[in-house]
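We're numbering straight along the sequence, starting at 1. Heavy-atom basis, side chains included; hydrogens, waters and symmetry copies ignored.
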Amino acid sequence: MPIVVDIDVMLARRKMSVGELADRVGITPANLAVLKNGRAKAVRFTTLAALCEVLDCQPGELLRWEAEEVEGLEEERVGGGA
């Protein structure tokens, strides 16, 4: 998925455990793990706001976009395609 969640980075900067963050945000550690490991399909704005409040950060410090590499597309660009 092209959206990357950088909760680990913020946890390290704040010297906070996943369990403490989950408790302070009000979500289960399992749901936080799904989000932090990039397996979540969506995140509620209320959850994102709570994460930002507890971690004292902006949404852009937790979420970033990375382009997905499409197999075969690079070949076409280089001149391998028709």
Side-chain angles (χ1 to χ4, degrees):
M1 178 174 282
I3 300 296
V4 178
V5 182
D6 286 326
I7 290 176
D8 282 338
V9 173
M10 295 308 294
L11 283 172
R13 287 183 185 166
R14 303 297 186 255
K15 295 179 174 62
M16 188 181 298
S17 70
V18 173
E20 181 183 352
L21 179 61
D23 188 49
R24 291 179 61 184
V25 169
I27 62 176
T28 66
N31 283 340
L32 183 57
V34 167
L35 181 60
K36 120 180 161 52
N37 293 326
R39 295 189 314 266
K41 300 289 184 203
V43 60
R44 293 180 187 272
F45 281 167
T46 53
T47 301
L48 183 58
L51 287 166
C52 289
E53 183 177 350
V54 170
L55 294 170
D56 189 29
C57 67
Q58 294 295 311
E61 294 177 277
L62 296 177
L63 304 173
R64 64 186 161 88
W65 178 81
E66 283 188 358
E68 286 185 286
E69 289 187 25
V70 179
E71 204 169 308
L73 184 60
E74 189 61 33
E75 248 181 61
E76 259 182 56
R77 287 186 192 158
V78 175

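Using a 4.5 Å heavy-atom cutoff, the side chains of Leu55 and Arg13 are not in contact. Counting heavy atoms from C-beta on, the side chains of Leu51 and Leu32 come closer than 4.5 Å. By the 4.5 Å heavy-atom criterion applied to side chains, Val4 and Leu63 are not counted as neighbours.
Scored by the side-chain contact (heavy atoms from CB on, under 4.5 Å) test, Val54 finds Met16, Leu21, Arg24, Val25 as partners (sequence neighbours excluded). A search for side chain to side chain donor-acceptor pair (under 3.5 Å) contacts involving Thr28 returns Asn31, not counting sequence neighbours. Shown here are the salt bridge (Lys or Arg N to Asp or Glu O under 4.0 Å) partners of Glu53, two or more places apart in sequence or in another chain: there are none. By the side-chain contact (heavy atoms from CB on, under 4.5 Å) test, Asp8 pairs with Leu11, Lys36, sequence neighbours left out. Among residues two or more places apart in sequence or in another chain, the salt bridge (Lys or Arg N to Asp or Glu O under 4.0 Å) test is passed with Arg64 by Asp6, Glu66. Pro59 pairs by the side-chain contact (heavy atoms from CB on, under 4.5 Å) definition with Leu48, Cys52, not counting sequence neighbours.
Linking Ile, Leu, Val, Met, Phe, Trp and Tyr residues whenever their side-chain heavy atoms come within less than 4.5 Å leaves Phe45 and Val34 in two separate clusters. Hydrophobic clustering places Val43 together with Ile27 (ILVMFWY residues linked when any side-chain heavy atoms are closer than 4.5 Å, directly or through intermediates).
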*Checking side-chain contact (heavy atoms from CB on, under 4.5 Å) for the pair Glu61/Val9: CA distance, chi angles, key distance, verdict?*
CA-CA 9 Å; Glu61 294 177 277; Val9 173; over 6 Å; no

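In this structure, CD on Glu20 lies 13.0 Å from NZ on Lys15, to the nearest 0.5 angstrom.
Residue Arg44 qualifies as open at atom CZ: its count of foreign heavy atoms under 6.0 Å is 12 or below.
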